[in-house]
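This chain uses plain numbering: 1 for the first residue, then up along the sequence. In what follows, every heavy atom counts, from backbone to side chain, and hydrogens, waters and symmetry copies are set aside.
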Amino acid sequence: MSKELISMLSSRLVAVISFFLALTLVKGFEGTFGVNYGTVANNLPPPAQVAHFLLESTVINRVRLFDANPEILRAFAHTGVAVTISVPNDQIPDLTKLNFAQQWVEDYIQPHTPATNIVRILVGNEVISTANKLLIVSLVTAMETLQTALVAASLDRRIQVSTPHSLGILSNSSPPSTGKFRQGYDTHVIKPLLSFLRDSNSPFMVNPYPFFDCSPDTLDYALFQPNAGVFDENTQLFYTNMLDAQLDAVFSAMKLLGFDDLEIVIAETGWPSMGDATQFGVDAKSAAEYNGNLMRHVTSGVGTPLMPNRTFETYIFALFNEDLKPGPTCERYFGLFRPDMTPVYDIGILRPTVAAAANIQHATCLLIITVGLLIIKNHG
């Protein structure tokens, strides 16, 4: 056998090994990257089919639900998928009563644990942005009461309690170093909330959406594409993407209140693949760029200028296009997948088929054996 043949086979072996390494990198997204599983649609597949699809066909192993749908919770039983569930906003005032909170835990949590891996309960969604005084003044008490109910059920070490916020909670966010919470809410609502999160070892959760804040001039900045960037003169730090700037504005606001030690989780972010003709950057290409670059960035360990060397647990909005969502066209097209579970675009979250992986593994073994025999024959 010639040295040229050995070289050729070795090159193929390197290519196969490189492919395996690529698969390993894709699987590296697992554990930190999730998806929002919304159900405002009349054409979605059954929850059991969705759970099987996520488990067998994607690298996503975290889901966030906007309620505590028993059928969906049963569907994720014995899958190991980390599930976050939600208490609807209108139930927050009732949740301040311990007997209601205990009954809620008994009805919606205990029948499903530990079979379903429920890891977090979110009390409402973007409550402060609703401007509903009753909801806002009830929020922290509701979280504390729910925590008490979880303690009584011996579930507090398994399940965290938090609540997601829109970036409307900030009165200032540019430059990022000047980020601060809205006056009035900062000391009366957010500071007690942050204290609760610290005491219960739970994260502060935010819903940053560069899509809603960008203009034609800042589209590349929002999509993690090459751009002129933004310089923060206060910190002498340079920002190459809008998400980092938004997260650091939240961090600065938390630091101002003395809570820069809390973990920040991205509960919601995404980009629509379709919209109205008057909107810019609303297409499958832009959505794929944002969500694909987002995945790579938040799991890279680079962090942000003010929070370097960290990853961020992140949930893309959303799993499916939802045809019954109100509002402009784009609201119905944030999905990674169509209702038939075909991808709207590819961002590397689909697993390779078992058959393809098996074939590659078999080919690798044959190449290793062949190259080994050739080396022995030529140099033995």
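Under the 4.5 angstrom side-chain criterion for Ile, Leu, Val, Met, Phe, Trp and Tyr, V119 has no cluster partners at all.
Taking D261 as the reference, R198 meet the salt bridge (charged side-chain N to carboxylate O under 4.0 Å, His left out) condition, with sequence neighbours excluded. Checked against side chain to side chain contact (heavy atoms under 4.5 Å, CB included), E322 has the following partners two or more places apart in sequence or in another chain: V40, A41, F317, A318, K325. With sequence neighbours excluded, the residues that form a side chain to side chain contact (heavy atoms under 4.5 Å, CB included) with A142 are I92, L95, T96, V123. Applying the salt bridge (charged side-chain N to carboxylate O under 4.0 Å, His left out) test to E144 and every residue at least two apart in sequence or in another chain returns nothing. Residues forming a ring pair (Phe, Tyr, Trp, His ring centres under 6.0 Å) with Y185 (at least two apart in sequence, or on another chain): none. Applying the side chain to side chain donor-acceptor pair (under 3.5 Å) criterion to T39, with sequence neighbours excluded, gives no partner residue. For D94, the salt bridge (charged side-chain N to carboxylate O under 4.0 Å, His left out) partners are K97, not counting sequence neighbours.
Applying the side-chain hydrogen bond (donor to acceptor under 3.5 Å, both in side chains) rule to pairs touching residues 145-162 yields R120-Q160, sequence neighbours excluded. Sorted by first then second residue, the ring-ring contact (aromatic ring centres under 6.0 Å, His included) pairs that include residues 221-242, not counting sequence neighbours, are F224-Y290, F224-H297. Judged as a ring-ring contact (aromatic ring centres under 6.0 Å, His included), the pairs with a partner in residues 39-86 (not counting sequence neighbours) are, in order, F53-F337.
Considering only heavy atoms from C-beta on, H165 comes within 4.5 Å of F204 through its side chain. In this structure, T269 and F211 have side chains that are not in contact, with every pair of non-hydrogen atoms separated by 4.5 Å or more.
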N/O donor to acceptor pairs below 3.5 angstrom from side-chain atoms of residues 129-139, sequence neighbours left out:
| unit_1 | atom_1 | unit_2 | atom_2 | d |
| --- | --- | --- | --- | --- |
| S129 | OG | S166 | OG | 2.5 |
| T130 | OG1 | V127 | O | 2.5 |
| T130 | OG1 | N132 | N | 3.2 |
| N132 | OD1 | L134 | N | 3.1 |
| N132 | OD1 | L135 | N | 3.1 |
| S138 | OG | L134 | O | 2.7 |

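Neither side chain, S215 nor D217, offers a donor N or O lying under 3.5 Å from an acceptor on the other.
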